[in-house]
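Keep in mind that the numbers below use all heavy atoms, side chains included, and drop hydrogens, waters and symmetry copies.
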Amino acid sequence: MFARQCSRLVSSRTAIPLTSYLARGRQFSATATSAYEHILTSTPKPGVGLITLNRPKALNALSSPLFEELNDALTTYDTDKDIGAIIITGSEKAFAAGADIKEMAPLTFSSAYSNNFIAPWSHLANTIRKPVIAAVSGYALGGGCELALMCDIIYCTATATFGQPEIKLGVIPGAGGSQRLTKAREGGGRVGVAAEVVEGGKDKVLEKAVQTAETIAGYSRVAVVAGKEVVNKSYEIGLKEGVEFERRLFHGLFGSKDQKIGMTAFAEKKKPEWSNE
């Protein structure tokens with residue numbers, strides 16, 4: 001698997017249950033501004049945090065300095081009460097064409113192992129609680145594919161190329177690619193890594209991602225975080241334990257203000273005004 005670049009390993013079927021949040025929305029329009037060096041951040045719609053990888057000369061190659069900024073931006077959005085969903089995107093040509101080989105080439109086993117190299121790259125998967133959407137155009141190879149796979153939903157253009165070609169460099173994936181790509185393809189057939197292939201270029205796929213993020217941001221933030229938690233837990237434990245875990249969080253939500261707001265609004269045929277508490 002590692003030697004093959006899995007070109008356009010996608011289908012119209014969803015690989016991530018959270019894609020049940022899909023909905024139509026308004027046109028995307030935003031100017032990305034940021035104080036970061038390797039990424040841009042913006043809020044294109046209320047409740048939506050957008051992170052754009054911004055190393056155009058290197059096809060958005062992923063490096064430790066980039067991930068330091070990415071993790072900071074993700075944490076900032078994750079703790080911001082005004083943000084309900086996050087998007088990560090790249091350029092038309094590349095979401096991220098892989099890891100920065102110049103940074104990795106000089107490493108020895110001792111330096112890589114003792115410094116736990118690449119471990120901070122899993123901050124998104126291990127720490128971020130709000131839903132994260134990847135809007136992918138062009139190359140998503142190596143670390144770029146792994147970054148996309150860490151997201152809860154993936155939208156891509158028809159020209160997007162996913163793959164784990166690390167074997168060509170004498171190594172294997174190191175940020176979860178061998179595990180997440182395998183799980184995304186379980187079940188046989190062409191079960192793809194992407195929720196949807198969006199016709200058109202990068203602007204169209206980003207527009208779709210913003211629409212979905214805006215929809216998610218319009219729900220109770222407490223319930224959305226709980227929903228992501230139970231979905232992710234399903235990959236870690238068996239069915240019986242997963243159902244019991246889901247039920248505990250379900251019961252716990254009856255202690256939230258939003259449960260009362262949501263059910264009262266439904267009974268009164270009104271639109272809920274969430275408190276996110």
Side-chain angles (χ1 to χ4, degrees), residues 14 16-36 39-54 69-90 95 123-125 127-136 147-148 150-156 194-196 198 202-232 249 252-253 256-266 270-277:
T14 174
I16 308 295
L18 278 175
T19 51
S20 60
Y21 289 117
L22 297 181
R24 296 177 180 176
R26 298 185 292 276
Q27 282 290 110
F28 166 76
S29 176
T31 300
T33 58
S34 174
Y36 295 112
I39 64 172
L40 300 172
T41 59
S42 64
T43 52
K45 294 288 184 180
V48 178
L50 173 62
I51 301 172
T52 303
L53 306 181
N54 189 39
E69 294 183 356
L70 176 61
N71 290 346
D72 182 77
L74 285 167
T75 300
T76 298
Y77 282 144
D78 200 42
T79 56
D80 187 340
K81 293 183 178 180
D82 292 329
I83 297 297
I86 305 166
I87 300 170
I88 301 176
T89 193
F95 176 73
H123 176 74
L124 165 57
T127 307
I128 303 304
R129 303 181 70 197
K130 292 176 181 176
V132 182
I133 303 170
V136 179
L147 177 59
M150 291 181 207
C151 297
D152 301 295
I153 302 172
I154 301 175
Y155 292 129
C156 70
E196 184 176 334
V198 180
K202 189 246 183 177
D203 289 345
K204 289 295 184 181
V205 77
L206 183 54
E207 179 185 326
K208 179 67 176 180
V210 171
Q211 290 172 1
T212 301
E214 185 180 20
T215 299
I216 294 172
Y219 296 130
S220 162
R221 307 279 163 81
V222 180
V224 167
V225 168
K228 173 172 175 172
E229 187 173 356
V230 294
V231 168
N232 287 344
L249 263 66
L253 287 172
S256 71
K257 292 182 180 178
D258 280 351
Q259 176 266 330
K260 300 295 185 292
I261 291 171
M263 293 191 177
T264 299
F266 179 84
K270 296 179 180 178
K271 182 179 179 180
E273 298 292 336
W274 304 114
S275 69
N276 297 317
E277 296 179 354

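- At least one side-chain heavy atom of I88 sits under 4.5 Å from a side-chain heavy atom of L70.
- Take K257 and apply the salt bridge (charged side-chain N to carboxylate O under 4.0 Å, His left out) test, not counting sequence neighbours, and it matches E277.
- A125 and M150 get closest at one heavy-atom pair: CB-CG, 4.0 Å.
- Between the K45 side chain and the Q211 main chain, no donor and acceptor come within less than 3.5 Å of each other.
- The only member of L40, I51, T52 that meets side-chain contact (heavy atoms from CB on, under 4.5 Å) when paired with T89 is T52.
- Of all non-hydrogen atoms in A85 and A213, the two that sit nearest each other are CB-O, 3.6 Å.
- Between D78 and R129, some side-chain heavy-atom pair lies under the 4.5 Å cut-off.
- Using a 4.5 Å heavy-atom threshold, the side chains of V231 and D152 count as separate.
- Within the 4.5 Å cutoff, no side-chain heavy atoms of T75 are placed close to those of T127.
- Shown here for K228 and I128, the closest heavy-atom pair between the two residues is NZ-O, 3.1 Å.
- Considering only heavy atoms from C-beta on, V222 stays 4.5 Å or farther from Q259 through its side chain.
- Y155 and A195 make their closest contact through CE2-CB, 4.1 Å (heavy atoms, listed as atom of the first residue, atom of the second, distance).
- With a 4.5 Å cut-off on side-chain heavy atoms, S275 and D258 count as touching.
- Contact record, A226 with L249: O-CD2, 3.8 Å, taken as the closest heavy-atom pair.
- Under the 4.5 Å side-chain criterion, counting only non-hydrogen atoms from C-beta, T41 is not in contact with T76.
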